[in-house]
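Step one of this worksheet: look at the structure below.
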Amino acid sequence: MAPPQDSSQPRLAPGCRWGGTEEERVILFPEGAIKLQGTGREVLEHCDGQRTFGEIIADLQKQFTSADPAKIRDDISRFLEQLQKKRIVDY
Amino acid sequence: MVPNPLALIAEVTHHCPLHCVYCSNPVQLAGMYSELSTAEWLSIFQQAGKLGMLHAHLTGGEPLARTDLTELIAAARASGLYTNLITSGIGLSNQRLKALVDVGLDHIQLSFQDSREDSANWIAGAKAHAHKIELAHLIRQHKVAFTVNLVVHRQNLDHLDETIAFIEQMKPERIEIAHTQYYGWALINRAVLLPTRAQLEKAVEVVAAAEKRLAGRIRIDSVVPDYYAKYPKACMGGWGRRLMLINPAGKVLPCHAAEVIPGLEFENVREHTLEWIWQESPSFRRFRGEDWMPEPCRSCDRRTEDFGGCRCQALLLTGDPTATDPACSLAPKHHVIEAAVLEANSENGIAKPTTASSFVQLQQQNATLWNYRTNPE
């Protein structure tokens, strides 16, 4: 159990996939779903198993220039680690 | 307008090659002659998708007993639903599994009864255990998410640590440890199934240790038994709030057991749309919201959390479906639960693995109390 590293390639865990509608996207998993809005949705849409954590962070830091880059990294790292514990994200 | 339901439980047949003593199916099972056709199920999944439901849980009986299961899964998936197959595995071959995965099966939940073969087959009333182990390995060769489900009770809790280790080897993403809920066949067999408090407390420790050990590898979801809880479970997330269940004959129910409640008529998908049944039918409205609630629920802070507990349990144990769930420590009729718990914990209580000198002796001691689930005619 560790936070993602720069070379990690985050992706949805087996059994998890996108669903819902364009206005209300959700991640579906065996016994439930989570609704994703705003930044959370943005982050997970980047997690395609191809891009590395380092690339994803760089991309989002460029997009959200008003926020502190170190804080963006910390927040996203923690977010993905939480989802990994719940078996929604793998990296 | 009532918010739309989230998930559909599709009991596609009540036929099952297993006869588990804890089965939650009604004691009166729907017969084959009345089963919905393929076309009828296809329409149901389409309606469910349009209603905004997210999940379709295909269950039974044993869903694999339907020869059109691949078509049903394909239709559910095409309707935008996350498809979950809840199965004993009996009737699943590599070829059939491949077909199911190819049409979009998202998740498979395979049941085990125990880690020990003699006990597992005894609980299931069928020689299924060895086949299930083979299947678990087969499932891991396909691209589908995998949960192992274990129903726990008095007869298999003493070696839960061993059973978790056994399941772990099958490398599922998830283990579901579900304490028996006492409806249908399980209620008939309650005396041999209800655990002691000591068994339960040990199980809680075992599960907590396994969660820690397996964190990030295997997720464990565990359901605590309401007989030992202070407050009742929010059964199905509340009556008519989240789920619709369709039985093999097309009756639409708010939960697995609802048909036991006298005086309620459940609508059939052959006569009404799912939307109408959800929004308008008297059966779905009967215990929705708070108007039906008696005291102490009506003025209780927890009424929006547990919704007064389970209506079927209230009926089955008190004779009154509008009573507070007797599992609640505040319920006027909580003593009926206390009496069952007292009996389960008595000195001369029903045998369990650690009190019997051998498996054969355990079987003999419990033989007269053991009622296997039968099949519909």
Side-chain angles (χ1 to χ4, degrees), chain A residues 1-38 40-41 43-45 47-50 52-54 56 73-91, chain B residues 3-7 9 48-58 76-86 101 104-110 139-140 142-149 171-176 178 211-223 236-237 242-243:
Chain A
M1 289 301 296
Q5 301 182 335
D6 273 1
S7 60
S8 305
Q9 292 171 298
R11 60 203 168 271
L12 295 186
C16 302
R17 67 174 170 87
W18 290 97
T21 57
E22 188 50 40
E23 302 82 62
E24 202 175 276
R25 285 199 97 187
V26 291
I27 289 184
L28 300 168
F29 49 91
E31 291 291 324
I34 43 172
K35 207 183 286 183
L36 283 157
Q37 294 158 322
R41 173 172 167 179
V43 171
L44 280 181
E45 283 176 342
C47 297
D48 54 9
Q50 303 290 319
T52 64
F53 178 67
I56 293 170
R73 168 179 282 270
D74 280 0
D75 285 354
I76 295 175
S77 174
R78 213 168 309 129
F79 177 62
L80 291 179
E81 197 180 352
Q82 273 173 10
L83 292 178
Q84 199 258 357
K85 274 187 199 156
K86 291 184 179 154
R87 302 298 291 120
I88 290 169
V89 164
D90 270 342
Y91 46 76
Chain B
N4 285 333
L6 295 175
I9 301 170
K50 283 196 191 129
L51 261 179
M53 289 201 219
L54 299 172
H55 289 74
H57 303 284
L58 280 85
R77 181 66 201 252
S79 306
L81 300 164
Y82 185 100
T83 52
N84 178 17
L85 176 63
I86 299 171
V101 175
L105 178 64
D106 285 297
H107 175 252
I108 186 162
Q109 178 180 312
L110 180 67
I139 288 168
R140 286 289 66 172
H142 292 266
K143 212 174 161 338
V144 62
F146 179 31
T147 291
V148 171
N149 164 279
K171 301 190 169 59
E173 276 87 29
R174 193 167 155 268
I175 303 175
E176 190 177 275
E211 272 175 348
K212 207 168 157 194
R213 185 164 50 81
L214 300 171
R217 274 201 295 144
I218 301 177
R219 169 174 164 159
I220 298 187
D221 286 328
S222 166
V223 182
M236 309 303 275
R242 291 166 177 269
L243 299 159

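Every chain is numbered from 1, with letters handed out A, B, ... down the list of sequences. Just so you know, these numbers use all the heavy atoms, side chains as well, and skip hydrogens, waters and symmetry mates. Nothing here was measured: the structure is a model prediction, and the numbers come from that model.
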Rounded to the nearest 0.5 Å, the CG atom of L214(B) sits from the CZ atom of R87(A) at a distance of 10.5 Å
Please tell me if the side chains of P30(A) and R174(B) come closer than 4.5 Å, counting only heavy atoms from C-beta onward. yes
Any chance you could measure L54(B), atom CG, to K35(A), atom NZ, to the nearest 0.5 Å? 10.0 Å
Minimum heavy-atom distance between D106(B) and R17(A), given as atom pair plus value: OD1-NE, 2.7 Å
What are the two closest non-hydrogen atoms of G15(A) and A145(B), and how far apart are they? CA-CB, 3.1 Å
Kindly compute the distance separating CG (L28(A)) from OG1 (T83(B)), expressed to the nearest 0.5 Å. 10.0 Å
Determine yes or no for a side-chain-to-main-chain donor-acceptor pair under 3.5 angstrom, with H55(B) supplying the side chain and A33(A) the backbone. no
Are H57(B) and E31(A) packed together at the side-chain level, in the sense that at least one heavy-atom pair is separated by less than 4.5 angstrom? yes
A quick test of your reading: do over 12 heavy atoms of other residues, nucleotides or ligands sit less than 6.0 Å from CZ of R242(B)? no
Just how far is it from atom CZ of R219(B) to atom CD1 of I88(A), taken to the nearest 0.5 Å? 6.0 Å
Is the CD atom of E45(A) crowded by more than 12 outside heavy atoms at less than 6.0 Å? yes
Report which part of I108(B) has an atom under 4.5 Å of a heavy atom belonging to chain A: side chain, backbone, both, or neither. neither
